[in-house]
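One structure is given here, and the rest of the page talks about it.
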Amino acid sequence: MKALILNSGKGSRMGDLTKTHPKCMTEIASMETIISRQLRQVAEQGISEVIITTGPFEEKLIHYVESLGLPLSYTFVRNPNYENTNYIYSMYLAKKYLENTDILLLHGDLVVENDVFFSFCETEGSLMAGSKTKELPEKDFKAVVENDRIKKIGISYFEQAFAAQPLYKFEKADFGKWISAIVDFCESEEEAKRSLYAEEALNTVLEDISLHFYDVGNKLCQEVDNPDDLAVVSNILSEIKKRTVYICFSTDILHNGHLALIKKAKRLGRVIVGVLKDEVIASYKRYPLVPFSERKAMFENIAGVYQVVEQNSLSYKENLEKYRPDYVLHGDNWQVGFQKPIREEVCSILASYGGKLIELPYHKEEKYAELEKRTKAELSMPDVRRGRLKKELELKGLVTAMEAHDGLTGLIVEQTKVYKEGGAHQFDAMWVSSLCDSTAKGKPDIELVDMSSRFRTIEDITEVTTKPIIFDGDTGGIKEHFIYTVRSLERLGVSMVIIEDKTGLKKNSLFGTEVEQTQESIEAFSEKIRAGKHAQRTKDFMICARIESLILEKGMEDALERAFAFRKAGADAIMIHSRKKDPSEIFSFVERFREKEKDCYIVVVPTSFNSVKEEEFKRRGVNVVIYANQLMRATVPAIQKAATLILEKERAEECDSMLMPFQDIIRLIPEED
Ligand code: SPV
Ligand code: MG
């Protein structure tokens, strides 16, 4: 597409303002003239060739236009007879540069706001701009519109007409028809035809052209004919300059798609970028590779971004109320899915003060999906994964871990999300339980499944997931073995090992005092912790000491004494366990431990005291909540029922209704390439 700008007129109605330069060089804002604005818009639209017809002060205009340094190539076409002809004749003179191309045509005195200009250019078909809401002008152009098609353009049509502006976009075949008509007019015997409006020629071919009316509504798209117009236009422009556009980003990889979005936002006003905090991104997407402070700096360094602010939740409410942007820009993908309520809230807040939502078509491009895949792969790498638990603890204060005992349960923990109250929730980490790992192998939870096999389970999980892992290390074995376990776990990318203060044949704590269990001495267990911390090679790996005093009914004082001692021995976290439904002993432990220990992480496994909500644990000072066995316990009755039903019915049909179609299961499993 080429741009054609008509600048042969004298602009005599401007008075003194056009005494020394053509009208298009009139200043409309600081550092901006009518033509500099038009040319900047044309260049930004990606048009590279511009034909400018000239008349008075031609040399001045050429010099000025070239001094703007825009990435445009110009052809200047002089209308020597500008005193006696109209622009129909200028177009006639320029015709050889206008062949076989789509054309964007503007009168040289037209000022258009960015939003209108770019949307106009991006709308399909041949178009003329105008307004269905603005008053019909007495003397200026009006377009007669029927079924969205323009039938006539001129100053004397008032019936079925709308105010029209000399901003056109023509597909090449259509423009060719207009030019042919112009040639007929200008080469006619009647000289008067050269001083008619070019629209007179256009009217003769409008039957053959689908010229559509592009409604600009109340937005700025106006010619500057006299000093009054100039004052109006300058005022509107200074208002427009103050407009703000809000756009929120969660990305940690900046690509062309984001830059294109920012470019679009810049056209609408000053761009305020909202950057989502790390914990918000982690809650609905994945843990960001690049932390908030760096992502903020990344946007601050993009030319044309006016302000970068933090967005503390998926909801835009706080920032919309604070910054009251004129526009919010977003992809149209949030019209459905979990973001729908967020969008609805944005719409209602914008409506309350007259802001506007602009939605752009969302394209899921392959290359960007590939980038996201690579990010995920990065997150699954041992070094990155290992350090994430600590980061999440720092970020959120409380993290949740769900049990996983194989690749499939790992995937379920990885992928399960719920959307509620405008937010998203997912598990932060995975718990590789000794109970469930043993149960999956049909074995009792007595440290019978050896470490090699336990490590294999970890690998099955890490191969297909990215979330951090907390490993149930049982008693940790003898100290001399534990130090090897610590290093192996670090290599596997595990973030935390929990070892319990028991010795001898360990049985699962849920048996309580029904089975004979011996608690390790404080000294020996502290020694094991010290050895583990000493053996550890990476800074992020954590050792958690699990205290069985409450399970074994040794009392609160014993539990606390141990907790303080194990912390002193170097434990990064303390897990306090209880078999009671009533959470009060857990609460009182947490309260008393926290009084003295502000920084040590506290872990709970609320299998029995399962009425307590995460928020309450957090409030009381707990840092990790482990859902230790629910997935396994959900599986067993389901598969037992299916097996029984098939045996009873001697066929599988009856159990179909309780089965998930395999296609759905397959969808859980991403294919790697
Ligand atoms: C496990 O899940 O293996 C545990 C937690 O150790 S509990 O079963 O509650 O003892
Ligand atoms: Mg266990």
Side-chain angles (χ1 to χ4, degrees), residues 399-406 409-410 412-413 427 429-451 453-455 457-458 461 469-477 482 485 489 494-520 525 528 542-554 559 562 566 571 573-583 585-586 589 602-612 617 622 624-636:
V399 302
T400 58
M402 172 50 93
E403 175 264 318
H405 52 268
D406 54 18
T409 43
I412 287 174
V413 182
F427 297 110
M430 292 176 280
W431 165 243
V432 179
S433 143
S434 68
L435 173 64
C436 298
D437 203 359
S438 309
T439 307
K441 292 171 174 61
K443 292 185 172 163
D445 180 19
I446 52 171
E447 298 191 85
L448 173 62
V449 178
D450 65 31
M451 274 300 162
S453 170
R454 302 286 316 278
F455 292 166
T457 304
I458 294 177
I461 295 169
I469 292 174
I470 303 173
F471 181 71
D472 178 356
D474 286 322
T475 64
F482 181 54
T485 304
L489 291 172
V494 169
S495 304
M496 179 188 273
V497 62
I498 300 185
I499 49 170
E500 55 195 278
D501 59 350
K502 286 203 280 198
T503 184
L505 180 64
K506 182 227 83 157
K507 293 199 173 167
N508 188 273
S509 304
L510 299 173
F511 287 116
T513 49
E514 290 162 34
V515 291
E516 185 71 32
Q517 290 287 277
T518 319
Q519 224 174 347
E520 180 69 282
F525 199 67
K528 200 187 290 189
M542 291 180 277
I543 297 178
C544 173
R546 161 172 169 176
I547 293 160
E548 292 291 294
S549 307
L550 303 181
I551 295 273
L552 300 173
E553 295 176 4
K554 297 281 168 55
R562 285 170 170 269
F566 300 155
I574 296 293
M575 172 183 151
I576 183 66
H577 208 11
S578 161
R579 213 163 64 103
K580 296 205 171 124
K581 192 126 192 82
D582 178 355
E585 64 176 6
I586 288 286
F589 175 91
I602 302 179
V603 182
V604 295
V605 178
T607 308
S608 309
F609 43 99
N610 54 11
S611 61
V612 186
F617 280 128
V622 170
V624 182
V625 171
I626 296 176
Y627 297 102
N629 47 44
Q630 286 77 4
L631 296 191
M632 172 62 82
R633 284 160 63 203
T635 311
V636 174

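Starting from 1, each residue takes its place in the sequence as its number. For clarity, every value in this text was computed on a predicted model and none was experimentally measured. Remember, it's 1-based here, ligands and their atoms both numbered in the order they're listed.
Gln519 and Thr503 form no side-chain donor-acceptor contact under 3.5 Å, judged by distance and modelled atom types alone. No donor-acceptor contact under 3.5 angstrom links the side chains of Glu403 and Thr409, judged on distance only.
Arg579 pairs in a salt bridge (charged side-chain N to carboxylate O under 4.0 Å, His left out) with only one of the listed residues (Glu585, Glu514, Glu553), which is Glu514. Asp474 pairs with exactly one of Arg454, Met451, Lys502, Arg546 by the side-chain contact (heavy atoms from CB on, under 4.5 Å) rule, that one being Arg454.
For ligand 1, the atoms lying closer than 4.0 Å to a non-hydrogen atom of Ser509 are 10 (O). Close approach to His577 involves these atoms of ligand 1, each under 4.0 Å from a residue heavy atom: 7 (S), 9 (O), 10 (O).
Residue contacts with ligand 1 for Ile626 are absent, since no atom lies close enough (heavy atoms, distance under 4.0 Å). Proximity of Leu435 to ligand 1, defined as any heavy-atom pair under 4.0 Å, is shared by backbone and side chain alike.
Relative orientation of the Phe455 and Phe471 rings is tilted, given thresholds of 30° and 60° on the angle between their planes.
Inclusion of Ser433 in the first shell of the Mg ion (ligand 2) is not supported: no N, O or S atom falls under 2.8 Å.
Nearest N/O/S atom of Asp472 with respect to the Mg ion (ligand 2) is recorded as OD2.
Counting heavy-atom neighbours within 6.0 Å of Lys580 NZ, excluding the residue itself, gives a total of 12 or less. By the neighbour-count criterion of 12 heavy atoms within 6.0 Å, atom CD of Glu516 is sparsely surrounded, having that number or fewer from other residues, nucleotides or ligands.
Of the listed residues (Arg546, Lys506, Glu500, Lys507), the one carrying the non-hydrogen atom nearest atom 10 (O) of ligand 1 is Arg546.
Regarding atom 2 (O) of ligand 1, its nearest protein heavy-atom neighbour is Ser433 OG, 2.8 Å. For atom 8 (O) of ligand 1, the closest heavy atom belonging to the protein is Asn508 ND2, 3.0 Å.
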Q) Can Asp445 and Thr439 be said to form a side-chain contact (heavy atoms from CB on, under 4.5 Å), step by step? A) CA-CA 7 Å; Asp445 180 19; Thr439 307; 5.9 Å; no

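Distances between N or O atoms of Asn629 and those of ligand 1 include no value under 3.5 Å. Polar contact with ligand 1: present for Asp472 (N/O pair, distance under 3.5 Å).
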